[in-house]
Protein chains: 2
Amino acid sequence: MKNQGADILKGSSLSVTSSRKAILDIFLGSDNALAHQDIENIAKQYDRVTIYRTLQTFLEKGIIHSIPTTDNIIKYALCSDMCITTGHHHDNHVHFLCDDCGKTVCLDEVSIPNVNLPKGFVKKEINMVVNGICNSCQK
Amino acid sequence: MKNQGADILKGSSLSVTSSRKAILDIFLGSDNALAHQDIENIAKQYDRVTIYRTLQTFLEKGIIHSIPTTDNIIKYALCSDMCITTGHHHDNHVHFLCDDCGKTVCLDEVSIPNVNLPKGFVKKEINMVVNGICNSCQK
DNA sequence: AGTATTTTGCAACAAAGTTGCAAATCCAAT
DNA sequence: ATTGGATTTGCAACTTTGTTGCAAAATACT
């Protein structure tokens with residue numbers, strides 16, 4: 001557990017740098033998806049540009065995935081272990097955006113149902129984002 | 001049909017101005033969803049700020065809806081007649097984003113399937129965006 | 001440890017979005 | 001149709017977000 005971040009980086013054949021470890025640790029320690037801005041606020045010691053490039057790299061390597069949300073802020077979350085180890089994305093889960101606290105979470109246990117598209121449309125990827133009130137804000 | 005734009009504006013108790021009519025006409029004449037930038041390119045005679053404000057107003061009045069897409073560009077499309085007349089949103093259709101031509105279209109005939117959320121989560125709105133190849137780019 | 005490669009931070013820039021305010025436009029009531 | 005009040009527009013200035021090139025620093029390889 002000690003060097004989980006470094007292990008993930010090595011596993012994706014990325015060089016292990018302090019900024020990458022720090023950003024990865026932020027994701028590992030967060031229970032919700034994070035926007036670029038969130039990372040910037042927490043990892044103040046690193047340059048804006050470095051954070052942009054790191055997130056980009058993580059996306060390409062499949063370490064994180066991006067979530068298109070209705071509040072027009074791209075959020076990122078760690079991919080499940082399976083994603084990282086196989087290199088294939090199985091982001092087949094629903095995302096939830098709380099209208100109250102604004103947090104975006106992966107509902108890993110809720111998989112996206114299938115849909116039938118009209119003739120001529122070929123499906124490659126599906127994103128499903130549900131807005132509402134999350135379990136913490138609920139009362 | 002002549003003053004469809006003006007009628008929609010009056011129906012939403014908005015004053016009828018040339019920019020609003022022009023932007024509404026662009027939507028009425030388009031078969032796919034449009035980004036702010038698209039509008040700006042077509043309606044060159046109007047100020048950027050006016051377009052931002054007009055889109056904002058249309059959103060608030062429920063004349064258009066926004067579609068969160070994976071390409072990180074918010075796109076807007078007209079709401080169905082039912083949306084506008086009832087004032088309630090029934091954007092219960094799937095959106096399709098073509099990876100080839102980049103167009104985003106409403107699949108009005110494909111409704112979003114239901115999902116069961118974990119205990120404590122209350123669903124208010126669902127967005128479903130499918131990426132792939134559209135019927136025009138296929139072949 | 002020494003060298004080649006990769007990554008970082010800085011500066012400068014480009015694009016996207018916001019705000020305040022005066023001038024122009026629209027609407028409603030004479 | 002004209003006038004007066006409210007709304008909308010365009011401009012300017014600004015903030016935020018994202019990008020690019022390059023030299024210095026850190027990392028990896030042997």
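First the proteins, then the strands, lettered A, B, ... as listed; each starts at 1.
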Residue B/V49, side-chain heavy atoms: nucleotide from D/dC11, D/dG18, C/dT8 that is nearest: D/dC11
What's A/R20 touching, base or sugar-phosphate or nothing? Going by heavy atoms closer than 4.0 Å. sugar-phosphate
Whole angstrom value for the distance that separates P of C/dA15 from CD1 of B/I73: 13 Å
A/H65 and A/Y76: aromatic ring centres closer than 6.0 Å? no
Would you mind reading off the distance between B/I39 atom CD1 and C/dA15 atom P, rounded to a whole angstrom? 19 Å
Does a side-chain N or O from B/S15 land closer than 4.0 Å to OP1 or OP2 of D/dT8, or not? yes
Could you verify whether a donor N or O on one side chain and an acceptor N or O on the other, from A/S18 and A/Y46, lie under 3.5 Å apart? yes
Just wondering, do A/K123 and A/L117 contact through their side chains at under 4.5 Å, heavy atoms? yes
Taking for each residue the nucleotide of DNA chain C with the nearest heavy atom, is it B/Q56 or A/T17 whose nucleotide lies nearer the 5' end? A/T17
Just the rounded figure in Å: distance from P of D/dA6 to CG of B/L14. 18 Å
Using atom NZ of B/K44 as one end and atom C1' of D/dT9 as the other, report the distance to the nearest whole Å. 20 Å
What is the separation between atom CG on A/D47 and atom P on C/dC10, rounded to the nearest whole Å? 6 Å
OP1, OP2 of D/dT16 versus side-chain N and O of A/Q37: anything below 4.0 Å? no
Calculate the interatomic distance between B/R53 atom CZ and C/dG20 atom P; express it in whole Å. 11 Å
Atom CG of A/L9 and atom P of C/dT6 are separated, to the nearest Å, by 16 Å
Can you find a side-chain donor-acceptor pair between A/T104 and A/K75 that sits under 3.5 Å? yes
Looking at the base of D/dG18, is there any donor atom on it, or on the side chain of A/R48, that sits under 3.5 Å from an acceptor on the other one? yes
For atom CG of A/L55 and atom C1' of C/dT7, their distance in whole Å: 15 Å
Full working for side chain to side chain donor-acceptor pair (under 3.5 Å) between B/T70 and B/N131: CA-CA 8 Å; B/T70 43; B/N131 283 70; 3.0 Å; yes
Map B/V16 and B/Y52 onto DNA chain C by nearest heavy atom, then report which one ends up closer to the 5' terminus. B/Y52
